[in-house]
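Just below is one structure, and these are the notes that go with it.
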Amino acid sequence: MPLSLRLSIADTLTLGNATCGFMAVYFTTTGILIPHLTGSQETGMARHSAATAVILMLCAAIFDLFDGLVARKLRSSPMGAELDNLSDLISFGLAPAYFVLVYGMVADDAHQRVAALAAIMVLLAVVLRLARFSIVTVPNGTFQGMPSPFGALTVVSIVLLELPFIATLLAVLGTAWLMVSRVEYPKPRGRSAAAMLIWIVASMGMLVAWAAGAPSGELLLQTGCALQLVLGAVIPLFATARRVNNFRDNRREARAAQLQ
C-alpha cells in the first residue's frame, strides 16, 4: 500500500476510539430507546445499557489518551490527525449528543424538542472545537476550551445525575459553551495523564456497581457524576495559576535584566 494509506499503531488505537463511540450509540438505542418506544418497562435493562454506553465512551477516552502518547513515542501515519478528529466527533460528539436526545425522550419530566436542541448544541460545540483545534495554535501544554472527551463525560454525568430538567438543560448547555470557550485546560501529560486514567477506571467501577444494583451503587454513581462536574469547573484553575506564575517569572526576569 502507499505509505500515506498505511495505518500505524496509533491509528489503530484511534479506530478503536471510533468503534467504542459507535457501540455507545448502539447500546443507547437498543437498550434504552427501543424498549421505551415499545412500552417495555425493563428498568434493569435500561440501567445496564446506559452503564454500557457510558463505559464505552470511557473506553474511547482511554484510546484517545493513548493514541497521542503512542504517536509521540513511535510514529503516526499522515492520516493520523484526520482520523483522530473524525473518531473524536463520533465518540465525544455524536454519542453524548445522542445520549442527551434519548434522555429527552424517555425521562418523565423532560421536553423532547428542547432536549433535541440541547443535543444539537453539544454536537455543534464538538464540531466547532475540533475544527478550531486543527487551525489554532495554543500555548504548549494547554487546550483552549474543555477537551471534547472531558466534555462528553461531563454531559453524560449531568444526565445520569437525574437532576430536574431545567437544571440538566442549563448544565448541558454550560458544558457545550465551555468546549468552545477560551478557558484553558491543561493537557493530560505525565502525572496528569496517569490521574486521568485512574479516574476513568474508577468511573467504570462506579458504573458497574450501579448497573449491578450494588447496595451503594446509586450513591457511588451520584458521587462520581458530581465529582466529574466539580473537576470540570476546578481543573481550569490549575492552567490559570500556571499562566499567572509564568507571567510573574517573566516579569522578574525582565526586571533582573534591566538591573544588570
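Computed from heavy atoms alone, side chains included, the values below leave out hydrogens, waters and symmetry copies.
- Pairs engaging residues 110-132 under the ring pair (Phe, Tyr, Trp, His ring centres under 6.0 Å) rule: His111-Phe165 [sequence neighbours left out].
- The closest donor-acceptor contact from the side chain of Ser49 to the backbone of Ala46 lies at 3.5 Å or more, if one exists at all.
- Side chain of Tyr185 to backbone of Gly232: a donor-acceptor contact under 3.5 angstrom is found.
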Could you list the donor-acceptor pairs under 3.5 angstrom formed by side chains in residues 15-31, with sequence neighbours left out?
| from | atom 1 | to | atom 2 | distance (Å) |
| --- | --- | --- | --- | --- |
| Asn17 | OD1 | Ser91 | OG | 2.7 |
| Asn17 | ND2 | Asp88 | OD1 | 3.0 |
| Thr19 | OG1 | Leu15 | O | 2.9 |
| Thr28 | OG1 | Ala24 | O | 2.7 |
| Thr29 | OG1 | Val25 | O | 2.9 |
| Thr29 | OG1 | Tyr98 | OH | 2.6 |
| Thr30 | OG1 | Tyr26 | O | 3.0 |

Donor-acceptor pairs under 3.5 Å, side chain of residues 213-221 to any protein atom, not counting sequence neighbours: which ones?
| from | atom 1 | to | atom 2 | distance (Å) |
| --- | --- | --- | --- | --- |
| Glu218 | OE1 | Trp210 | NE1 | 3.2 |

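- Both Ile32 and Met105 sit in one connected hydrophobic cluster of ILVMFWY residues. Membership requires side-chain heavy atoms under 4.5 Å apart, directly or through other members.
- For the pairing with Leu169, the side-chain contact (heavy atoms from CB on, under 4.5 Å) check across Val114, Val100, Leu117, Ile158 returns one residue only, Val114.
- Membership of the apolar cluster around Leu128 extends to Val180, as traced through chained side-chain contacts below 4.5 Å between ILVMFWY residues.
- Under the rule for a side chain to side chain contact (heavy atoms under 4.5 Å, CB included), the partners of Ala167 that lie at least two apart in sequence or sit in another chain are Leu163, Pro164.
- Applying the side chain to side chain donor-acceptor pair (under 3.5 Å) test to residues at least two apart or on different chains, none of the pairs has a partner in residues 156-169.
- Side-chain atoms of Arg129 do not come within 3.5 Å of backbone N or O of Leu124 as any donor-acceptor pair.
- The closest side-chain heavy-atom distance from Met57 to Phe99 is below 4.5 Å.
- Applying the side chain to side chain contact (heavy atoms under 4.5 Å, CB included) test to Ala193 and every residue at least two apart in sequence or in another chain returns Leu65, Pro188.
- One hydrophobic cluster, built from ILVMFWY side chains closer than 4.5 Å, cannot hold both Tyr103 and Ile120; they sit in different ones.
- Side-chain contact between Leu160 and Leu207 is present, with at least one heavy-atom pair separated by less than 4.5 Å.
- With a 4.5 Å cut-off between side-chain heavy atoms of Ile, Leu, Val, Met, Phe, Trp and Tyr, the cluster of Leu86 takes in none.
- Not a single side-chain hydrogen bond (donor to acceptor under 3.5 Å, both in side chains) links Asp64 to another residue, sequence neighbours left out.
- Residues satisfying the side chain to side chain contact (heavy atoms under 4.5 Å, CB included) criterion with Met204, sequence neighbours excluded, are Ile55, Leu58, Cys59, Ile62, Ile200.
- Phe66 and Leu56 are assigned to two separate hydrophobic clusters, defined by single-linkage of ILVMFWY side chains at heavy-atom distances under 4.5 Å.
- In this structure, Met179 and Ala125 approach most closely via the heavy-atom pair CE-CB, 4.2 Å.
- With hydrogens and angles ignored, the 3.5 Å screen pairs no side-chain donor or acceptor of Arg132 with any backbone N or O of Val127.
- Hydrophobic clustering (side-chain heavy atoms under 4.5 Å, transitive across Ile, Leu, Val, Met, Phe, Trp, Tyr) keeps Phe92 apart from Trp199.
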Any chance you could lay out the side chain to side chain contact (heavy atoms under 4.5 Å, CB included) test for Val122 and Thr175, step after step, and finish with the verdict?
CA-CA 8 Å; Val122 171; Thr175 304; over 6 Å; no
Can you give each donor-acceptor pair under 3.5 Å made by side-chain atoms of residues 147-156, sequence neighbours left out, with the distance rounded to 0.1 Å?
| from | atom 1 | to | atom 2 | distance (Å) |
| --- | --- | --- | --- | --- |
| Thr154 | OG1 | Phe150 | O | 2.7 |
| Thr154 | OG1 | Gln228 | NE2 | 3.2 |

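- When all heavy atoms are compared, the tightest approach of Leu123 to Gly93 is CD1-C, 3.7 Å.
- With rounding to the nearest 0.5 Å, the separation of CG in Leu231 from CE in Met196 is 11.0 Å.
- With sequence neighbours left out, the salt bridge (charged side-chain N to carboxylate O under 4.0 Å, His left out) criterion links Glu82 to no other residue.
- Residue Thr14 holds its OG1 atom at 3.5 Å from CG of Asp67, rounded to the nearest 0.5 Å.
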